[in-house]
Amino acid sequence: MSPTGPRTSARTLLARLATGFRECHPGGAGPGPSPADGPLGWPGYDAMRARAHERTGEHESVVCGTGRIGGSDAVLLCFEFGYLGGSLGERTGDRIEAAHTRARELRLPLVTLVATGGSRMQEGMRALVQLQRVARQSALTRAAGLPQLAVVRDPTTGGGWATLAAGADVVLALPGAQAAFAGSRVRPGGAEPAAYTAEAQHAAGHLDRIVPEAELPEALARWLTLLTPASGGRERPEPVPVPGALPGPSGGRLPAGGAEAVARARAADRPRAAAYLDACLTGREEISGDRCGGTDPGVRCGFGRHAGRTVAYAAQCGTPTRPAGYRTAARLIRLADRLRLPVLTLIDTPGAANGPEDERAGAGPAIAEVFSAVAEATVPLTSLLIGEGGSGGALALAAPGSLWATPDSYFSVIAPESAAAILKRGPDQVQRTAEELRLRPQDAVELGVVRGVVGPAPGAAAERGDPRGAGGGIGGDRGAGE
């Protein structure tokens, strides 16, 4: 029995989630009849399968087909745990391959509802190599630019966790579900059970969200709407329009000096990422974690709707960005690129976190991942500096040629305090150093790093303000993303 109550059968769950479900089966002649008691001649294996069929009504541990969740069509693959513990055998592999093939033929997203104890030991290595088959099919579907969503049910262990669940683009989980490579009977003696739960995997950055089963239909419907572009994912999307500057303590006035720019960007009452996301995106869903064991609450990544289309976003929230935050942002940008979705990045950090634990977690490689993801992206990225722009830790999220700034922001090669310390200047020289760094937003425009300052700028010449940058601004003569 599941820790959250009796397990829901595959057919019951599919009926709750999807309308118009139509089952699909492996094509072709198939593998033909299997030898008595399977490839290993495991004593009693045929009888086990017969009892599993009598108990569940299924001929294998998965059911696959097409159906509609909310307003989106999808291919669904649902495990029946009552059939030999939802284990993966050769014929399970046939059905998983059929589901992926169908998804690619119809260009539909794939939703996998996982509940499995792992590979079927009664089929030995012939069962284990199905994991390679599953990985290959997932890679082909990924290369086709189609989203893959997984729902971790209880239990999801072994190769099912390592391929079908953990390898999906978005991973949801039911509360209390076992989610681990090690099954409950093969863990080290005395191991803490809580470490093998969906909640533990979520805290470690390995899955995106815990969703109660009653909320699953709505959650999947929202995700499918966001991740399925109207164009079918084959056209280059239009860039995200530059958001306008939200009202801040400056009233839209450009800072007179570098020290003022820094003070305003650090002001507690200055609009932050959450306010910008609320202002420009609706129906947001967020991904969580870097899939390497870390999370960073100071970086928010996900998808939302703007003017009727999906936008991906990665937003710094004003804190030093940890390695997990950079890796999550890189994951977001690469996923958006595959799904042909435009990206908005909001930049606001004093810099990369630089403690010993951050270096051990790979701060440098993590920042390099974001630089690479931005450089390799084939979809347009739009970036807005909304507060502090501290060195490479901020620049990593900036789109080259499509970076804008608000009046309450600054961008600098180094914080003025750190620059003064390197130059062996006293605290009384920090303000002078800030001026010399030319870190005001209008300085960044003049230096050719920022395309323009969005929002009103009283007292400054509004040179060729971009009509698509909300609120006008200074600098720039092209639309975002061109």
Side-chain angles (χ1 to χ4, degrees), residues 236-245 261 265 273 276 280 299 301 306 311-316 321 325-352 363-407 409-414 437-455 463-466 468-470 473-482:
R236 189 177 193 273
E238 290 295 316
V240 183
V242 185
Y276 277 91
C280 65
V299 177
C301 296
H306 176 81
V311 167
Y313 63 87
Q316 293 169 314
T321 302
Y326 290 114
R327 282 191 284 261
T328 305
R331 175 187 159 214
L332 180 281
I333 293 167
R334 287 175 174 142
L335 176 56
D337 196 44
R338 281 197 288 107
L339 300 181
R340 313 304 297 157
L341 299 172
V343 179
L344 170 67
T345 64
L346 300 177
I347 299 166
D348 184 11
T349 180
I367 294 170
E369 274 196 57
V370 183
F371 273 117
S372 294
V374 170
E376 295 165 0
T378 59
V379 294
L381 277 72
T382 302
S383 299
L384 180 64
L385 177 66
I386 62 172
E388 290 196 80
S391 193
L395 186 66
L397 268 70
S402 191
L403 171 62
W404 301 76
T406 66
S409 68
Y410 79 87
F411 221 144
S412 180
V413 65
I414 190 171
L437 285 168
R438 295 197 63 195
L439 46 68
R440 301 174 304 168
Q442 62 266 43
D443 293 327
V445 174
E446 292 178 9
L447 291 169
V449 176
V450 168
R451 288 182 59 173
V453 180
V454 298
E463 299 177 2
R464 297 180 297 177
D466 189 311
R468 283 184 279 180
I474 70 163
D477 59 358
R478 296 175 294 169
E482 291 181 351

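All heavy atoms count here, side chains included; hydrogens, waters and symmetry mates do not.
Counting heavy atoms from C-beta on, the side chains of Thr345 and Thr382 never come closer than 4.5 Å. Ser412 places none of its side-chain heavy atoms less than 4.5 Å from the side chain of Arg438. Contact check for Thr406 versus Tyr276: side-chain heavy atoms found under the 4.5 Å cut-off. Counting only heavy atoms from C-beta outward, the side chains of Gln442 and Pro407 never approach each other to under 4.5 Å.
Counting only distance, with no hydrogens or angles, the side chain of Asp337 and the backbone of Val379 share a donor-acceptor pair below 3.5 Å. The backbone N or O of Gly393 sits nowhere less than 3.5 Å from a side-chain atom of Ser391 that would complete a donor-acceptor pair. Remark: the backbone N or O of Pro237 is not paired with any side-chain donor or acceptor of Arg340 at under 3.5 angstrom.
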Trace of the side-chain contact (heavy atoms from CB on, under 4.5 Å) decision for Val374 with Leu381: CA-CA 8 Å; Val374 170; Leu381 277 72; 4.0 Å; yes

- request: Give the intermediate values and the outcome of side-chain contact (heavy atoms from CB on, under 4.5 Å) for residues Val454 and Leu384.
  value: CA-CA 9 Å; Val454 298; Leu384 180 64; 3.9 Å; yes

message: Checking Val299 against Cys301 for the side-chain contact (heavy atoms from CB on, under 4.5 Å) test, could you report, in this order, the C-alpha distance in whole Å, the side-chain angles of both residues, the deciding distance, and whether it holds?
response: CA-CA 7 Å; Val299 177; Cys301 296; 3.8 Å; yes

query: Can Leu397 and Phe371 be said to form a side-chain contact (heavy atoms from CB on, under 4.5 Å), step by step?
result: CA-CA 7 Å; Leu397 268 70; Phe371 273 117; over 6 Å; no

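Just one of Asp443, Leu437, Leu403, Leu439 meets the side-chain contact (heavy atoms from CB on, under 4.5 Å) condition when paired with Phe411; it is Leu403. For the side-chain contact (heavy atoms from CB on, under 4.5 Å) with Cys280, the qualifying choice from Val240, Val311, Leu344, Val242 is Leu344, the only one to do so.
Between Gln316 atom CD and Leu346 atom CG the span is 9.0 Å, to the nearest 0.5 Å. The distance from atom CZ of Arg331 to atom CD1 of Ile333, rounded to the nearest 0.5 Å, is 12.5 Å. The CD1 atom of Ile347 sits 7.5 Å away from atom CG of Leu395, with the distance rounded to the nearest 0.5 Å.
Between Pro342 and Glu238, the shortest heavy-atom contact is CB-O, 3.4 Å. Closest approach of Asp348 and Ile386 over heavy atoms only: CB-CG1, 3.7 Å. When all heavy atoms of Ala396 and Val370 are compared, the pair lying nearest together is O-CG1, 3.2 Å. Here the shortest heavy-atom pairing between Ala245 and Gly455 reads CB-CA, 4.1 Å. In terms of heavy atoms, Ser372 sits closest to Arg334 at CB-NH2, 3.9 Å. Closest of all the heavy-atom pairs between Ala314 and Ala329 is CB-CB, 4.2 Å.
A donor atom on one side chain and an acceptor atom on the other are not found under 3.5 Å apart for Ser409 and Arg440. Between the side chains of Glu369 and Tyr326, no donor N or O sits under 3.5 Å from an acceptor N or O.
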